Amino acid sequence: MLIIDALLQGLLIGLLFALVALGLTIIFGVMDIVNFAHGEFLMLGMYAVYWTNYFLNIDPLLALPVSAALGVILGLASYYLLISYLLRGPAIAQLFGTFGLMLFLQYLAMFLFSADYRMIERGFLVGKSISFGPFVFEATKLAAGVLSLISFAVVYYFLYKTKLGKALQATAINKEAATYMGIKTEKMNAIAWAIGGGTVGIAGGLLVNFYYAYPMVGILFVMIAFACVALGGFGSVKGVFFAGLLIGVLEMIFPVFGHLVGSDFLGPHFKFTVVYLAYFIIVVVRPQGLFGWKN
Amino acid sequence: MEKLKDAFDFSDFSRSERIGFIIFTIFLFIFPWLGVSSFAKTVMIQFMLFSLFGMGWNTIGGYGGQVELGKAQYVGIGAYTVALMMVWWKVPFWISMPIGVLIALGYSFIIGYPLFRLKGHYFAIATICTSLVLKDIFDNWALVGAAKGIELPIHDHPDFLYMQFKSDTYYYYFIMALFYIAIFYMNWFRKSKLGYQLRMIKDDEDAAESLGIDIRWCKIKAYSIASAFVAVGGGFMAVYNLYIDPASVMELSLSIKIALMAMLGGAASMWGPIIGAAFLVPLDRFLGSWLGGHKGLTGIDYMIYAMLIMIVSAYQPRGIWGIIEDLRKRGK
Amino acid sequence: MAFLDVENVVKDFGGLVANNDISFQIEKNEIVGLIGPNGAGKTTLFNCIVGYYKPDKGKIRFKGKDITGFKPFQTSREGIGRTFQIMKVTTGLTVHENVMVGAFLRTEKRAEADKEASEIIEFLGLSHIKDYHINELPIAIQRKVGLARALATKPELLMLDEVASGLNHKETEEMVELLKRLNVEKHITIFLIEHIMEMVMTVSGRVIVLDSGIKIAEGPPEDIVKNPEVIKAYLGERYAKGK
């Protein structure tokens, strides 16, 4: 019973993980760059909803557009002000550049909002729970899972069914060929960053309903996202969805498993250690990911 | 013999570099006697410590061109070995420090073997992961003090065996000795077979392989050298701070700082890591103490720091040393 | 015992058979050319010998030693040198340092590698550009640097990938002279993949022709140009029309 409960909880949080990782994998696919500041976009998305709720007393779920808009702006600003310059340099400079962005946003948040832990306290769903038979879910988590799924589906539809989305895919598969077809790489890059920022902004807005926002929260989730992206195969959108679910389940099952065998070493402290290890093992053993298509 | 000669031979540097190096050395020697504050001495110690870290990183990260972001785990291994052996069995520093280095070497081979199947981003993220795993374990492992960390027993009187002194000046000269050993080692390293092979690997892996270079093995060797360097620094941190915890010796931000200093100063150059540390350590410290202390200004120091990183990455990825070299070329 | 013995090599890329049951031998001190139209499987065969690919079937022996499935660095250590058609234009090492890295394969001492590199650079007439970086050099010189680098590993068999592509007529002639000199003076066996027919015909003592992954002909250049199979497969498109 405990296991099934953990499985369901894991799937729910996994949907959110998939949404967090979605932007990372799109950006990686389109331009082969790893955005270390992705977690900070998430963090700022969390704050956006938190403060909208705090000052304007708007329900956190209705404040989602604020975090989405902030995410898009952050993505575009990062691309035009930093990334487009980094692209001219070597890979190492790209990594450090986004690292710099990560640090900058972390301490900007520290400066603006202090290191305090903040979580939504007022909201329609906050504190409520919904039960299906023997299984009880926090309403906020359930909403986060459902809305993540919807957001993911919208982006998926955009990528695979619209002309612009297909152009983006073409760039991801073969930049040169896409250029010959008249697709502007620069524009596609910007779109990738806008989507990347927007989706992770929404994810942040959902997350703050049941998880604390603090300036350093990003690193934890960016590592989870890296694991998802690696597991799904770098650049794969379908892959990252299933990988998110898998990592979510792994993270929830692990402590339960530890509890069952009565071992402290398998306790909840290590649930993220498992994620790091998972990343390491996946990329070493199967670099193309479980569902990978792009090597 | 030839190795020793190479280590002390700076003849291929320009005259101004050599003169600068000598002046700098004299300055370091007399610095503690200039009547400086203990804060300034601390900053200088930190500067030399981070130069040591940066020079170590430069083997694999600079010359080898691998984005290595997990050095903190080896600082941790060095520091914890010294601290634990002292607390548990009263082992003197001079024995525990080399043991720490050996453990770091062994561990780096075990980690390095799978790690260097990876390239590019995959590799960079994997190095972070390995370091975080070790930190998580130490954070929760009661035997080694978990997140609380360990305090080293303080002796009543100065003790050379355990590297305990009342005055910072002793630590200053000790880290200075390590700093110079590192410089001479790097001066040999950059001219060694491994040094050349690594630079080839950085330039063009396919070509390197066609010239009979076992790429993976070369990278593992360089990674282990870097790890050993960093573990020495970790051992020093334990006796100098007399207190260590996973947050201070194994944190991701430490790994990043090590790599950043070397890169900002100029990766794959002899002076780069030193310049980077000379620039960033004081900046970090002074910004921290001026701005960080003021209520409401927390974080500004790091924001300036991060801005610098972004600007250098975007405009001159070869770092400060790259800028100097460009200026020199233009001057000619 | 042949110097290089390729026996029934098969390389299959998931249904696309790039090399189908290819066998041939090269004797010491020969210069052998490998030609064929685009997609004939030349580069695949080359990569199987050098070690970038592992053949699915078959054996490759070098000086009697089975080197099937050896990695590129291992074949290099055995004495097989190679050049690249496209040199990566790098900014790190200078020409001299590039050649030194090659020389370090056979020595631990820097002084020796340094001396060896200088000699090879001198031999190839590259002394005037030894402190340049590869990105600063024209393509013909880049090729020679690649050659110098490979020579520094003291190869007994030198495998050259399209060493004349992108070179003008005069540069090609120079390259032919150079290869002949290497063959005669340094006793290096040469195996070259080439697209430019004239070059192969003038320099090679023997030519092997691939088409669609199969060896269709082998023999002295003067026979090859008359071989109807070859004319149909390869020469047909370029020579037969005009003649």
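In this text, all values refer to a predicted model and were calculated from it rather than measured experimentally. We name chains A, B, ... by the order of the sequence lines, and we start the count at 1 in each one. Values below: all heavy atoms of this structure, side chains included; hydrogens, waters and symmetry mates excluded.
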When every non-hydrogen atom of R82(C) is compared with those of S210(B), the smallest separation belongs to CG-CB, 3.6 Å

Which of A152(C), S76(C), G51(C) touches chain B most, by non-hydrogen pairs under 4.5 Å: S76(C)

Which atoms of T83(C) are under 4.5 Å from chain B, going by heavy atoms: the side chain, the backbone, both sets, or neither? neither

Starting from the C-alpha separation in whole Å, work towards a yes-or-no answer on side-chain contact (heavy atoms from CB on, under 4.5 Å) for K88(C) and D203(B). CA-CA 8 Å; K88(C) 218 168 149 189; D203(B) 267 10; over 6 Å; no

Under 4.5 Å between any side-chain heavy atoms of F84(C) and D206(B), yes or no? yes

Would you say the side chain of L211(B) lies within less than 4.5 Å of the side chain of R149(C), judging by non-hydrogen atoms? yes

Close side-chain approach of K193(B) to V101(C), heavy-atom, < 4.5 Å: no

Just checking K57(C): does its NZ atom have more than 12 heavy atoms from other residues, nucleotides or ligands closer to it than 6.0 angstrom? no

For Y113(B), I'd like to know if atom OH has over 12 heavy atoms of other residues, nucleotides or ligands within 6.0 Å. no

More than 12 heavy atoms from other groups under 6.0 Å of NZ on K191(B): yes

Could you tell me whether K71(C) and E209(B) make a salt bridge, using a distance below 4.0 angstrom between a side-chain N and a carboxylate O? no

How many angstroms lie between OG1 in T94(C) and CZ in R199(B), if you round to the nearest 0.5 Å? 7.5 Å

How many angstroms lie between OG in S192(B) and NZ in K109(C), if you round to the nearest 0.5 Å? 14.5 Å

List the atom pairs, donor and acceptor, that lie under 3.5 Å between side-chain atoms in residues 115-134 of chain C and the rest of the protein, sequence neighbours left out.
residue : atom : partner : partner atom : Å
S118(C) : OG   : D114(C) : O            : 3.1
H133(C) : ND1  : T91(C)  : O            : 3.1
H133(C) : ND1  : L93(C)  : O            : 3.3

Answer yes or no: is there an ion pair linking R110(C) with D6(B), defined by an N-O contact shorter than 4.0 Å? yes

Show your reasoning for whether side-chain contact (heavy atoms from CB on, under 4.5 Å) applies to D214(B) and R77(C). CA-CA 10 Å; D214(B) 185 346; R77(C) 287 174 186 186; 3.8 Å; yes

